[in-house]
Amino acid sequence: VSECYYNSTPEDNFYNCGQLQVTLMNANDQPPQFETSMTLPEFEENKEYPNIITIKGKDNELNVKNLTLELENNYSGKFELTEVDSNTWNLTVHALDYDAGLKTYTLDLALCRPPDGFDLKNCRANTLLAVVTDKPDQPPIWEKPCIFTTHVETNTTNQIQIPVKAIDR
C-alpha cells in the first residue's frame, strides 16, 4: 500500500510518500481430519482387544505434527488410547461384560490441533460404536422360586403337570 501527501503548499511540489507492507497469516481455521476408517468390529464379551484399531489424523492446512486425540468417555478405563507416533494412536478395548455392563458403548473422539498464533484451537469430532456380543457363560435363572410338592405314590404317570420356566440372562 502506497500513500503520498503534501507536506506544504501544492505550489512547492514537496511530497512525503510512504509505503506500508501487509503480511497475511493463515489462521488455520480448518479442523484436522481423520485419515482412518472409523468402524469397529463386534466384541465378544470378557476378552481383551489390544490395539484393535489404529487412528490417524492430519492437519490439511498447516500440516501440524502434534495433534491430540481425546477420548471423552472411556467408561471407567474400559477403552484406552495410546500414542504410537506423531498423529497416530491405537485403541485398546479391555474386557467388556455383556451381562454386567452395557451392550453398546458410544465412544466420542476429538481430534484437535494446538492453538495457532491467534489462539484458535480447532477440533474435529467423531463417534465410534462398540457392540458387545453375548457368549453363554451364565447359567439360566429361575423366573419364580422353586416350589416342592408331595404326591401320592398311586398317582398315574403324567397326571400332574407342573409348569417349569427359566430365562437366560
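As a basis for the values below, the full set of heavy atoms in this structure was taken, side chains included, without hydrogen atoms, waters or symmetry mates.
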Is a side-chain N or O of Asn87 found less than 3.5 angstrom from the main chain of Leu67, in a donor-acceptor match?
-> yes
Check the pair Phe79 / His94 against side-chain contact (heavy atoms from CB on, under 4.5 Å), numbers first and verdict last.
-> CA-CA 6 Å; Phe79 301 91; His94 298 291; over 6 Å; no
Flag for Asn90-Thr54: side-chain donor and acceptor within less than 3.5 Å = yes
Distance in Å, Leu69 CG paired with Trp89 CH2, rounded so as to fall on 0.5 Å steps = 5.0 Å
On a heavy-atom basis, the closest approach of Gln30 and Asp59 is O-OD1, 4.5 Å
Does the cation-pi check pass for Lys78 over Tyr105, that is, NZ or CZ under 6.0 Å from the six-membered ring centre and within 45° of its axis?
-> no
Show your working on side-chain contact (heavy atoms from CB on, under 4.5 Å) between Lys56 and Phe34 and close with a plain yes or no.
-> CA-CA 6 Å; Lys56 292 185 178 190; Phe34 286 96; over 6 Å; no
Heavy-atom closest pair (Ala110 atom, Glu72 atom, distance to 0.1 Å) is CB-OE2, 3.3 Å
Can you name the side-chain contact (heavy atoms from CB on, under 4.5 Å) partners of Asn60, sequence neighbours left out?
-> Gln33, Lys58
Beyond-backbone contact of Ile55 with Met38, side-chain heavy atoms, under 4.5 angstrom | yes
Contacts of Phe43 that satisfy ring-ring contact (aromatic ring centres under 6.0 Å, His included) - sequence neighbours left out | Tyr49
Value for CD (Glu83) from OG1 (Thr88), rounded to nearest 0.5 Å, stands at 8.0 Å
Step by step, would you call Glu44 with Val132 a side-chain contact (heavy atoms from CB on, under 4.5 Å)?
-> CA-CA 6 Å; Glu44 184 179 312; Val132 185; over 6 Å; no
Spacing of Leu128 atom CG and Asp108 atom CG [to the nearest 0.5 Å] | 9.0 Å
Report the distance from atom CD1 of Ile52 to atom CG of Leu91, rounding to the nearest 0.5 Å.
-> 8.0 Å
Using the side-chain contact (heavy atoms from CB on, under 4.5 Å) rule, take Asp134 and Glu45 through it: C-alpha gap first, then chi angles, then the decisive distance, then the call.
-> CA-CA 6 Å; Asp134 191 17; Glu45 70 172 324; 2.7 Å; yes
Closest non-hydrogen atom pair between Cys123 and Pro31, with its separation | O-CB, 3.6 Å
Find the distance between CZ (Arg124) and CG (Leu111) and round it off to the nearest 0.5 Å.
-> 8.5 Å
Atom pair CG/CG of Asn73 and Leu107 - distance to nearest 0.5 Å | 6.0 Å
Taking Thr92 for its side chain and Asn51 for its backbone only, find out whether a donor-acceptor pair lies under 3.5 Å.
-> yes
With hydrophobic residues grouped by side-chain heavy-atom distances under 4.5 Å, do Leu71 and Leu102 end up in a single group?
-> yes
Applying salt bridge (Lys or Arg N to Asp or Glu O under 4.0 Å), name anything that partners Glu70, two or more places apart in sequence or on another chain.
-> Lys121
Under 3.5 Å donor-acceptor, Tyr75 side chain and Thr106 backbone | yes
Are Leu40 and Val131 grouped together when hydrophobic residues (ILVMFWY) are joined by side-chain heavy atoms under 4.5 angstrom apart?
-> no
